[in-house]
Each structure stands twice: as structure tokens, then as C-alpha cells.
Amino acid sequence: MKAWVYGDYGDVDVLRFDESVPVPEVAEDQVLVKVVAAALNPVDFKRRQGKFKATDSPLPTVPGYDVAGIVVKVGSQVKSFKEGDEVYGDINEKALENPKQSGSLAEYTAVEEKLLALKPKNIDFVQAAGFPLALETAYEGLEKAGFSSGKSVLLAKNVYGSSRVAATSSTGKLELLKSLGADLAIDYTKENFEELPEKFDVVYDTVEGGEGGERRRQRGMPDRRRRPPGFRFVVTSNGEALAKLNPYIEDGKVKPLVDPRSPFPFSQVVEAFTYLETGRATGKVVIHPI
Ligand SMILES: C/C=C1/OC(C)=C(O)C1=O
């Protein structure tokens with residue numbers, strides 16, 4: 001099959017397009033998905049850069065976590081899906097612990113049925129591919145924080161009924177935050193949210209150690225010891241959680257956010273990663289058709 005592969009860790013120039021990659025074997029609890037669309041995530045390029053090599057699967061790697069496609073084969077123990085089902089999901093249960101060597105930037109990928117959900121009918125494959133890892137990360141974090149309706153979060157209005165959502169971004173993305181429903185859009189290049197008079201029940205930091213986090217630290221991030229209790233976690237892919245969120249997607253309460261430059265054709269995966277790695281994307285970077 002055709003797939004993007006890298007045999008060494010490094011920047012985008014380690015990526016190779018290979019037309020003779022073996023189609024992955026299907027275990028008894030897996031389905032084989034004909035990939036229609038695959039979304040890129042920062043974990044893909046951090047993994048390719050070797051940031052998780054200690055717990056990575058062996059090289060060579062076909063990258064790609066997020067997938068949307070059609071079931072073309074089912075393992076002997078599979079109960080939830082049949083051939084022809086349109087599915088989506090994050091194919092790696094533990095994002096950083098032995099992620100699959102054969103990912104979604106390929107014509108086919110084999111995935112455990114417990115990591116997939118049926119694709120909502122009201123969104124297309126490109127929109128669906130962009131949801132799993134990001135949506136499951138948001139949901140898992142808010143669940144772990146015991147978030148509930150009426151609370152305020154510095155992210156979760158339409159699923160939890162939060163009273164107030166504030167969000168931070170660089171100057172150029174403030175209007176996008178407001179269009180997505182943020183009651184308060186904070187420019188982290190000008191303000192440190194921890195110094196604002198308004199306080200929040202939950203602060204959800206998705207980029208600590210990323211651009212936003214470093215910028216806050218450069219401007220004298222308050223002493224961590226004065227911060228309220230918090231926790232770090234790495235998303236666990238969960239098809240049941242995704243299926244639970246399907247009704248919010250189907251009634252339009254949770255909307256896909258695909259970058260205007262998406263979809264990138266399968267031949268332009270290098271260009272797609274290069275764009276994602278600029279940090280300038282304003283939505284999911286999706287590869288389609290595959
Ligand atoms: C998707 C999971 C991630 O876990 C870490 C530490 C990141 O930087 C990720 O993107």
C-alpha cells in the first residue's frame with residue numbers, strides 16, 4: 001500500500017512516500033480501515049523529532065494518530081463494527097507508549113474496535129478526521145478535573161454547560177476564539193491570565209512547554225508554588241468517549257474546526273507538516289483524499 005514513512009528521527013526531510021508498504025495485519029480485536037482522511041497533530045511531529053523515542057515503537061514508522069475511513073475487514077472477536085461502516089478515531093490508545101508502527105498516513109490502518117466510533121452522519125470524513133485526539137483530550141481533561149455545568153473554565157460551554165469560558169491565544173487569533181464561543185479572549189503576548197482579577201474554576205493548559213507556555217515563563221511566570229493544585233495527563237484514546245460525544249456533534253453543539261488550507265492532498269504531507277509546525281494553523285490540518 002501507499003504510505004508516508006520515516007526510518008530516522010528528524011525534521012520533515014526524513015519523511016518518504018513509499019508505494020510498497022505492507023498492509024497491516026488485523027488482530028482478532030481490530031478492524032482494517034480504508035483511510036479516507038487523516039489529521040495531523042503536534043504529537044506526530046514531536047514523535048518524528050524523537051521526543052518520545054524511549055517509549056516509541058520501533059522504526060520505521062508510518063505516522064498518524066487521527067483517522068476517518070471505512071471498515072474493510074474485521075477481526076474474529078470484533079462485535080461493534082462490520083464491513084462498510086464509516087468510522088473515526090485516534091488509533092493509539094496510549095499516545096506516547098508504544099504507538100502503532102503503522103499509522104493513519106497510509107491507505108490502510110489496523111485499529112482496535114475499542115478506539116473507534118461510528119462517524120456522525122452530519123460531518124464529512126475530513127471534518128471527522130480532525131476530531132478524535134483533540135476532542136478526546138479536551139473531554140478527558142475536563143472529566144479528570146471533575147468539571148460540571150455552571151463552572152467557569154479558562155476552555156467547555158456546550159458539553160458541560162459551563163458558565164463562562166475564557167481562552168488565550170496570540171494577537172492574531174483572538175477573533176477566532178470569540179467566534180468559537182469564548183466569553184473572554186486573552187492575548188497571552190500582552191497579558192498573563194494568572195494576573196487577571198477574574199478567577200476560574202478550572203484552567204486547562206494545552207500547551208505548557210509549548211509557545212504559549214514559554215512566552216508566559218519569559219515574562220516572569222508566577223512561582224509555581226503559589227499555583228492551585230493541578231495535574232498533567234496524556235490522552236488515552238477511547239471509542240466509547242468519542243461515541244458519547246457524537247450527539248453533540250450531530251446537533252451542532254460541537255463543531256469541527258478545519259484549517260482553511262485543509263485538506264492537503266496525500267502527496268503534500270511534507271507541506272502539511274511544515275505548515276502545522278509553524279504554529280500558525282487556525283484549525284485541524286487534514287490529509288485527503290488518501
Ligand atoms: C497527544 C499527546 C501528547 O503528549 C504530549 C506530552 C504531547 O506534547 C502531546 O501532544
Side-chain angles (χ1 to χ4, degrees), residues 39-47 49 51-52 65-66 90 94-97 130-148 150-160 162-238 241 245 254 257 276-285:
L40 308 186
N41 288 286
V43 67
D44 286 302
F45 66 74
K46 295 174 192 173
R47 180 186 177 195
Q49 292 163 348
K51 290 191 162 67
F52 313 126
Y65 284 61
D66 279 335
D90 164 3
K94 293 291 182 188
L96 308 183
E97 295 167 33
F131 266 127
L133 192 148
L135 183 58
E136 291 178 47
T137 301
Y139 181 68
E140 184 176 349
L142 291 172
E143 286 291 288
K144 286 179 181 293
F147 198 71
S148 57
K151 286 187 177 177
S152 62
V153 61
L154 191 140
L155 179 65
K157 209 173 264 187
N158 292 345
V159 174
Y160 290 86
S162 70
S163 67
R164 191 157 163 75
V165 173
T168 68
S169 75
S170 53
T171 311
K173 294 183 182 177
L174 294 172
E175 286 312 310
L176 172 65
L177 293 185
K178 290 174 189 166
S179 73
L180 294 174
D183 301 296
L184 178 61
I186 302 161
D187 183 339
Y188 64 61
T189 69
K190 297 184 176 122
E191 292 182 276
N192 184 337
F193 73 86
E194 299 203 26
E195 293 158 8
L196 293 175
E198 185 170 358
K199 297 306 168 195
F200 298 85
D201 296 298
V202 172
V203 174
Y204 196 136
D205 185 345
T206 62
V207 291
E208 187 185 24
E211 184 193 354
E214 286 155 1
R215 180 161 295 134
R216 284 205 300 280
R217 272 200 287 284
Q218 284 158 359
R219 291 177 42 255
M221 188 71 176
D223 180 343
R224 284 175 179 278
R225 286 165 296 180
R226 292 193 295 110
R227 280 180 163 182
F231 58 88
R232 293 173 66 96
F233 78 99
V234 173
V235 62
T236 299
S237 177
N238 180 337
L245 293 167
V254 174
L257 184 64
L276 179 66
E277 293 172 41
T278 64
R280 302 267 178 275
T282 55
K284 296 303 292 191
V285 178

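Throughout, numbering of the chain's residues begins at 1 and tracks the sequence.
- Not one N or O on the side chain of Lys173 forms a donor-acceptor pair closer than 3.5 Å with the backbone of Thr168.
- By the side-chain contact (heavy atoms from CB on, under 4.5 Å) test, Asp183 pairs with Lys157, Arg164, Val165, sequence neighbours left out.
- Between the side chain of Tyr65 and the backbone N or O of Ala95, at least one donor-acceptor pair lies under 3.5 Å.
- With sequence neighbours excluded, the residues forming a side-chain hydrogen bond (donor to acceptor under 3.5 Å, both in side chains) with Glu175 are Lys178, listed by chain and number.
- Under the side-chain hydrogen bond (donor to acceptor under 3.5 Å, both in side chains) criterion, Asn238 pairs with no residue at all, not counting sequence neighbours.
- Judged purely by atom type and a 3.5 angstrom limit, Glu136 has no side-chain atom pairing as donor or acceptor with the backbone of Ala241.
- Residues forming a side-chain hydrogen bond (donor to acceptor under 3.5 Å, both in side chains) with Asn41 (at least two apart in sequence, or on another chain): Asp66, Lys284.
- Residue Val153 comes nearest to Ser162 through the heavy atom pair CG1-OG, 4.4 Å, listed as atom of the first residue, atom of the second, then distance.
- Here the side chain of Lys151 pairs no donor or acceptor atom with the backbone of Tyr160 at under 3.5 angstrom.
- Taking all atoms of both residues into account, the shortest heavy-atom contact from Asp44 to Ala39 is OD2-O, 4.1 Å.
- Taking both residues in full, the closest heavy atoms of Leu133 and Thr137 are given as O-OG1, 2.5 Å, listed atom of the first, atom of the second, then distance.
- Under the salt bridge (charged side-chain N to carboxylate O under 4.0 Å, His left out) criterion, Lys199 pairs with no residue, sequence neighbours left out.
- Contact annotation: the side chain of Leu40 never approaches that of Phe45 to less than 4.5 Å [non-hydrogen atoms, C-beta and beyond].
- Side-chain atoms of Ser152 come within 3.5 Å of backbone N or O of Asp201 as a donor-acceptor pair.
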Let me see the working for Tyr139 and Val254 under side-chain contact (heavy atoms from CB on, under 4.5 Å), right down to the final yes or no.
-> CA-CA 12 Å; Tyr139 181 68; Val254 174; over 6 Å; no
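- A pairwise comparison of heavy atoms in Thr236 and Glu140 identifies N-OE1, 2.8 Å as the closest pair.
- Distance CG/Leu257 to OG1/Thr282: 6.5 Å, rounded to 0.5 Å.
- In this structure, Glu143 has no salt bridge (charged side-chain N to carboxylate O under 4.0 Å, His left out) partners at least two apart in sequence or on a different chain.
- With rounding to the nearest 0.5 Å, the separation of CG in Leu180 from CG in Asn158 is 11.0 Å.
- The heavy-atom pair separating Ala185 from Leu174 by the smallest distance is CB-O, 3.8 Å.
- Side-chain atoms of Phe193 and Val203, non-hydrogen and from C-beta on, do get closer than 4.5 Å to each other.
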